[in-house]
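Here, residue 1 is the first one in the sequence, and each next residue gets the next number. Note that ligands are numbered from 1 as they come in the structure, with each ligand's atoms numbered from 1 the same way. Keep in mind that what you see is a predicted model, and the values were worked out from it rather than measured.
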Amino acid sequence: MIDNHALHAACLAINARVLVVFIATPKQWHEHDMAPCQEEFIYASLQQLKRELAQKGIPLYYHECDNFADSVDWIIHYCIRQEVAVLFYNRQYELNERRRDEQVEQRLSGCVRCQHFDDSLLLPPGSVNTSSGKTYKVYTPFRNAFIRRLTISNVSCYPAPKQRGNSLLMCDSSEAYESITRNLPADFPIGEQAALQRLRIFCRGKAQDYLILRDLPAITGTSSLSPYLAIGTLSPRQCFNYLRAEHPGVLKECDSGPFSWLNELIWREFYRNLIIAYPMLCKRQPFIAWTNKICWRNNAYLFQAWKEGKTGYPIVDSAMRQLNSTAWMHNRLRMITANFLVKDLLIDWRAGERYFMSKLLDGDFASNNGGWQWAASTGTDAVPYFRMFNPINQGKKFDPYGIFTRKWLPELANVPNHAIHQPHDWAKKHNLVLDYPLPIVDHQESRRQTIAVFKAAKSAGSEENKKEH
Ligand SMILES: Cc1cc2nc3c(=O)[nH]c(=O)nc-3n(C[C@H](O)[C@H](O)[C@H](O)COP(=O)(O)OP(=O)(O)OC[C@H]3O[C@@H](n4cnc5c(N)ncnc54)[C@H](O)[C@@H]3O)c2cc1C
């Protein structure tokens with residue numbers, strides 16, 4: 001309710017009734033792999049929002065449609081039925097969503113004025129471009145230009161709407177919608193106040209040490225705000241303004257914890273700018289065309305082992321079990337598990353992207369796609385294809401005492417710290433047998449094969465290019 005651009009603009013501009021409308025398209029969400037817990041998170045958050053808005057005298061109307069085409073028809077009829085003067089809405093940037101909004105604007109033109117807002121970003125998309133007006137493809141120059149722009153932009157937050165008449169009775173404004181809270185993870189309490197409280201605590205405390213702690217999954221060193229940012233409970237402007245209030249020098253202190261946290265928020269902006277400029281990213285296409293030539297192994301047994309956290313690589317397995325149990329995964333581990341699926345198992349990154357989406361409470365198309373394409377070396381400014389994380393070394397580096405690993409792999413409880421990432425070597429030395437899988441692939445062998453497969457795809461791609469020109 002606070003810092004919602006469309007709501008704020010509507011309340012400011014309209015003296016008469018303001019109606020808030022939320023159109024859900026669960027069927028379409030399922031087709032796009034939305035995790036059941038994220039769907040419930042949205043419903044539960046909506047119910048809370050509805051109560052808060054009702055206290056302000058603003059009704060929230062909820063409607064369900066099968067797909068975007070139906071939602072277009074429905075909103076047009078609704079606007080006409082309710083004699084709506086202006087339709088204020090916050091933009092979404094995925095391709096289908098943009099097409100939907102264009103259709104609504106076209107069909108309403110001449111009868112209802114439409115005003116859209118870039119609510120889910122710090123700066124409107126396209127406002128930070130190269131000197132020739134193009135979208136940045138490389139992150140660091142984008143980030144530098146973004147910071148320069150941020151320094152001179154007004155990114156203050158809008159307050160919650162003022163009281164508009166009497167509080168409403170809860171049951172009179174919406175169709176009934178159920179809130180099932182079966183799948184909601186306990187770590188993420190519902191609602192704006194809970195999110196703001198978490199943001200406040202983080203900015204006051206952990207942000208200072210973020211640079212040191214952010215890569216250690218055994219420690220809660222990151223903000224855990226992603227689920228709130230993903231569904232719009234919290235805005236990135238709120239994040240930035242709270243951070244700047246606690247750390248006024250944040251924009252200049254490039255090697256500080258607060259700056260490096262802001263840097264992550266800017267990655268989020270970068271990926272959103274990319275999906276707008278390159279719509280093919282929304283059609284399951286890689287950014288780098290030759291990677292379409294990769295001969296994936298796509299072995300179903302290996303994929304299943306990865307999903308279940310049974311690869312025999314403790315850091316990968318503990319991460320996947322964290323995801324399956326909590327609907328969230330630490331960023332470092334997302335990088336390791338994605339890299340492992342694509343490079344060690346040679347499984348198409350799109351299978352991993354979909355699996356993450358189907359499990360994550362913070363599932364967000366642009367960030368998920370960006371993260372997967374980065375790890376798979378198919379994206380812009382991605383990790384080079386010949387760079388592969390060694391899952392044993394990654395484990396040793398980021399969970400050196402095995403605290404995180406043991407939490408999710410109780411079968412390794414008795415393995416000492418120094419051996420936790422190669423438990424079978426230790427067990428063999430001590431004539432023990434562990435109830436834990438042996439590594440499903442040999443990392444060095446996978447490395448050799450993967451580099452060869454990527455190399456072949458690259459040269460096939462450049463042959464094809466030559467022929468075309
Ligand atoms: C393969 C892969 C898949 C990912 N899928 C998603 C996803 O579906 N949804 C999602 O929100 N993030 C995704 N990320 C990015 C990142 O892992 C999460 O945003 C982060 O782990 C969330 O934890 P946090 O809120 O504690 O982050 P913090 O470290 O506290 O960062 C603050 C905020 O910045 C944003 N952010 C942080 N890192 C990134 C990043 N690398 N890219 C884009 N935004 C970032 C998030 O909104 C996050 O809440 C993915 C990363 C990878 C490598």
Side-chain angles (χ1 to χ4, degrees), residues 32-35 37-38 41 94 120-122 139 142-143 146 187-188 195 198-199 201-203 205-217 219-240 242-243 257-275 306 316 319-320 322-323 326-343 347 349-379 381-383 389 394:
H32 289 85
D33 310 304
M34 183 189 277
C37 61
Q38 190 179 43
F41 197 57
E94 294 84 356
S120 71
L121 287 166
L122 264 172
Y139 176 70
F142 171 81
R143 195 265 317 273
F146 194 95
D187 295 342
F188 296 95
R198 186 168 285 204
L199 172 62
I201 292 172
F202 177 79
C203 291
K206 298 234 167 89
Q208 191 64 50
D209 300 322
Y210 183 76
L211 197 55
I212 307 159
L213 302 182
R214 59 182 292 246
D215 272 325
L216 304 174
I219 291 170
T220 312
T222 67
S223 69
S224 305
L225 286 168
S226 51
Y228 304 101
L229 280 159
I231 68 163
T233 306
L234 200 64
S235 81
R237 293 170 303 281
Q238 287 172 305
C239 293
F240 174 60
Y242 271 79
L243 185 71
F259 184 91
S260 85
W261 193 62
L262 175 62
N263 189 44
E264 296 307 323
L265 290 172
I266 302 175
W267 270 106
R268 183 177 175 275
E269 307 266 322
F270 180 60
Y271 287 138
R272 276 174 165 63
N273 274 267
L274 282 178
I275 63 163
W306 176 83
V316 173
M320 293 307 291
Q322 178 186 39
L323 174 65
T326 68
W328 188 84
M329 194 198 283
H330 188 278
N331 181 58
R332 169 56 53 182
L333 303 177
R334 295 188 205 206
M335 289 156 69
I336 297 172
T337 51
N339 193 279
F340 185 83
L341 183 81
V342 176
K343 303 276 179 77
I347 290 177
W349 58 274
R350 285 161 282 221
E353 181 196 19
R354 294 190 69 166
Y355 186 71
F356 265 29
M357 207 63 191
S358 74
K359 292 285 167 188
L360 283 170
L361 187 66
D362 66 16
D364 171 274
F365 178 78
S367 299
N368 194 39
N369 183 271
W372 274 95
Q373 294 226 36
W374 177 87
S377 307
T378 63
D381 204 9
V383 64
F389 286 159
Q394 290 285 310

ask   = Which parts of the protein, at residue level, reach under 4.0 Å of ligand 1 through a heavy atom?
value = Tyr210, Thr222, Ser223, Ser224, Leu225, Ser226, Leu229, Trp261, Glu264, Leu265, Trp267, Arg268, Tyr271, Trp328, Met329, Asn331, Arg334, Met335, Ala338, Phe356, Leu360, Asp362, Gly363, Asp364, Ser367, Asn368, Gly371, Trp372
task = Would you please indicate if the ring centroids of Tyr228 and Phe41 are separated by under 6.0 Å?
result = yes
query = Salt bridge between Asp187 and Arg198, side-chain N to carboxylate O under 4.0 Å?
reply = no
query = Side chains of Thr220 and Lys206: donor-acceptor distance under 3.5 Å anywhere?
reply = no
Any idea how [X] and [Y] line up, ring-wise: parallel (<30°), tilted (30 to 60°), or perpendicular (>60°)?
{"X": "Phe146", "Y": "Phe142", "answer": "tilted"}
{"X": "Trp261", "Y": "Phe202", "answer": "tilted"}
{"X": "Trp372", "Y": "Phe356", "answer": "perpendicular"}

